[in-house]
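Below: the structure, in structure tokens.
What you see is a predicted model, and the numbers here were worked out from it, not measured in a lab.
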Amino acid sequence: MAQPMVEANMAVTYPLGQATLELVEVRSVPGMGFGMFAKENIYKDMTMLIDTSLLDLEIDGATPEFADKYADLSRGMSLYLDNAAFSPMRYNDLKESVTDILRRWWAQKNGKVYTRSQAEYWSPYLEKILRAFSIFGNNAADISFGASRPGGPAAFYPMFSRFNHSCMPSADWELKFGTNDRVPDMHITAQRPIRKGEQIFLSYDYRVDLTDPPLDRQGRHAILMEGWGFVCTCPRCEAERTV
């Protein structure tokens with residue numbers, strides 16, 4: 001017998017550090033790290049989750065701003081970011097250009113010159129911030145609403161970061177302002193009925209699933225590789241691979 005549907009339009013918010021979710025849950029997924037799954041049957045157009053920002057940047061690529069905000073997070077809060085999807089490609093791209101910026105940030109913050117003797121002690125800490133910055137870039141959402149240059153400003157939403165990508169997504173995301181009039185909330189809504197136990201997928205870039213005419217597999221993969229550093233193996237991509 002089919003599971004009873006939950007009441008339409010039911011949504012859930014949660015206090016950071018207490019990911020108590022009524023309609024969705026995070027599960028481990030072999031080969032994908034983690035994913036978001038339906039705990040109940042979900043109607044089409046139902047808002048299944050409203051996520052709040054953990055950390056946001058006002059300027060694209062603002063490494064010192066990120067370092068300040070990341071350093072102010074509690075250990076429990078920083079774990080949401082530390083454990084999100086990590087892209088070695090993005091990390092390596094950032095490492096050469098950002099390391100010197102972080103060293104200058106540390107020196108200014110501490111009123112010291114970053115010397116070789118201090119490097120042995122502080123390098124692991126700066127390495128941790130660099131890794132977190134690369135994770136932020138790999139998982140954050142653009143919250144500029146088209147008002148600034150491409151790519152910024154951006155915000156990291158802990159539960160939003162747990163959704164995996166598909167070129168045939170079952171859910172969509174939208175930014176709406178709520179109690180915080182500076183940073184919007186992230187609303188996740190079902191594009192079709194989703195059954196209990198099913199993994200829920202989003203499209204990471206609107207060009208992948210909304211472009212008219214539709215992009216072919218090669219075009220979609222180019223966008224995803226450049227932005228997130230992975231090759232999509234969703235059903236749509238696998239079907240086109242065999243054509």
Side-chain angles (χ1 to χ4, degrees), residues 12-22 24-29 32-37 39 49-95 97-112 114 117-143 152-164 173 178-180 182-186 188 228-229:
V12 58
T13 57
Y14 64 94
L16 285 173
Q18 299 179 31
T20 53
L21 308 174
E22 296 177 16
V24 295
E25 64 182 353
V26 179
R27 297 183 190 172
S28 177
V29 182
M32 303 180 85
F34 293 92
M36 193 67 75
F37 290 77
K39 292 173 66 176
L49 171 68
I50 301 174
D51 203 1
T52 53
S53 170
L54 173 68
L55 191 155
D56 67 278
L57 298 183
E58 296 182 3
I59 302 173
D60 181 31
T63 314
E65 180 191 2
F66 174 85
D68 281 332
K69 291 185 174 182
Y70 180 76
D72 288 340
L73 291 175
S74 68
R75 174 60 178 161
M77 295 297 98
S78 66
L79 284 174
Y80 279 114
L81 180 57
D82 295 342
N83 292 327
F86 172 72
S87 168
M89 182 182 74
R90 183 182 292 273
Y91 175 83
N92 291 331
D93 287 345
L94 285 172
K95 188 168 186 177
S97 61
V98 171
T99 298
D100 285 341
I101 296 174
L102 286 176
R103 287 174 177 170
R104 290 195 295 271
W105 165 80
W106 179 90
Q108 183 177 13
K109 190 176 183 68
N110 292 277
K112 299 178 180 180
Y114 191 88
S117 62
Q118 292 164 337
E120 182 177 351
Y121 181 77
W122 285 107
S123 286
Y125 175 64
L126 296 182
E127 187 84 4
K128 176 179 173 64
I129 294 178
L130 173 60
R131 189 180 192 278
F133 185 55
S134 73
I135 292 173
F136 177 89
N138 200 52
N139 292 273
D142 178 3
I143 60 171
F156 174 80
Y157 297 87
M159 294 297 102
F160 171 70
S161 72
R162 293 306 193 185
F163 287 88
N164 286 313
W173 57 277
T179 56
N180 187 335
R182 189 181 66 84
V183 181
D185 295 332
M186 175 69 71
I188 309 296
W228 292 272

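Applying the ring pair (Phe, Tyr, Trp, His ring centres under 6.0 Å) rule to Phe136 yields the partners Phe66; only residues at least two apart in sequence or on another chain are considered. Applying the side-chain hydrogen bond (donor to acceptor under 3.5 Å, both in side chains) criterion to Asp185, with sequence neighbours excluded, gives no partner residue. Trp105 meets the ring pair (Phe, Tyr, Trp, His ring centres under 6.0 Å) test with no other residue; sequence neighbours excluded. In this view, Tyr91 and Phe86 satisfy the ring pair (Phe, Tyr, Trp, His ring centres under 6.0 Å) rule, not counting sequence neighbours. Partners of Arg131 under the side-chain hydrogen bond (donor to acceptor under 3.5 Å, both in side chains) rule, at least two apart in sequence or in another chain, do not exist in this structure.
Pro158 and Asp51 get closest at one heavy-atom pair: N-OD2, 3.5 Å. Across all non-hydrogen atoms, the minimal contact from Asn164 to Gly35 is ND2-CA, 3.5 Å. Considering every non-hydrogen atom in both Val183 and Ser53, the closest pair reads CG1-CB, 3.6 Å. Taking all atoms of both residues into account, the shortest heavy-atom contact from Ala84 to Ile135 is CB-CG2, 3.7 Å. Taking both residues in full, the closest heavy atoms of Lys69 and Asp56 are given as NZ-O, 2.8 Å, listed atom of the first, atom of the second, then distance. Ala67 and Leu102 get closest at one heavy-atom pair: CB-CD2, 4.1 Å.
No side-chain heavy atom of Leu49 sits under 4.5 Å from any side-chain heavy atom of Met186. With contacts defined as side-chain heavy-atom distances shorter than 4.5 Å, the pair Met36/Val26 qualifies.
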Criterion side-chain contact (heavy atoms from CB on, under 4.5 Å) on Asn83 and Arg162, from CA distance to verdict: CA-CA 10 Å; Asn83 292 327; Arg162 293 306 193 185; 3.6 Å; yes
Evaluation steps, side-chain contact (heavy atoms from CB on, under 4.5 Å), between Tyr80 and Leu55: CA-CA 10 Å; Tyr80 279 114; Leu55 191 155; over 6 Å; no
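Thr52 contributes atom OG1, which lies 9.5 Å from atom CE of Met159 (distance to the nearest 0.5 angstrom). For the atom pair Ile129 CD1 and Thr63 OG1, the distance stands at 10.5 Å (nearest 0.5 Å). One finds the OH atom of Tyr157 at 10.0 Å from the CD1 atom of Ile188 (value rounded to the nearest 0.5 Å). If you take CG on Leu130 and CD1 on Ile101, they are separated by 10.5 Å, rounding to the nearest 0.5 Å. Summarising the geometry, atom CZ belonging to Phe156 is positioned 5.0 Å from atom CG belonging to Leu81; distances are rounded to the nearest 0.5 Å. Separation of atoms CZ (Phe163) and CG (Asn139) is listed at 13.0 Å; rounding is to 0.5 Å.
In this structure, Glu127 pairs ionically with Lys95, as a charged nitrogen and a carboxylate oxygen lie closer than 4.0 Å.
The salt bridge (charged side-chain N to carboxylate O under 4.0 Å, His left out) pairs that include a residue from residues 79-88 are Arg75-Asp82, Asp82-Lys128, where partners are two or more places apart or lie in different chains.
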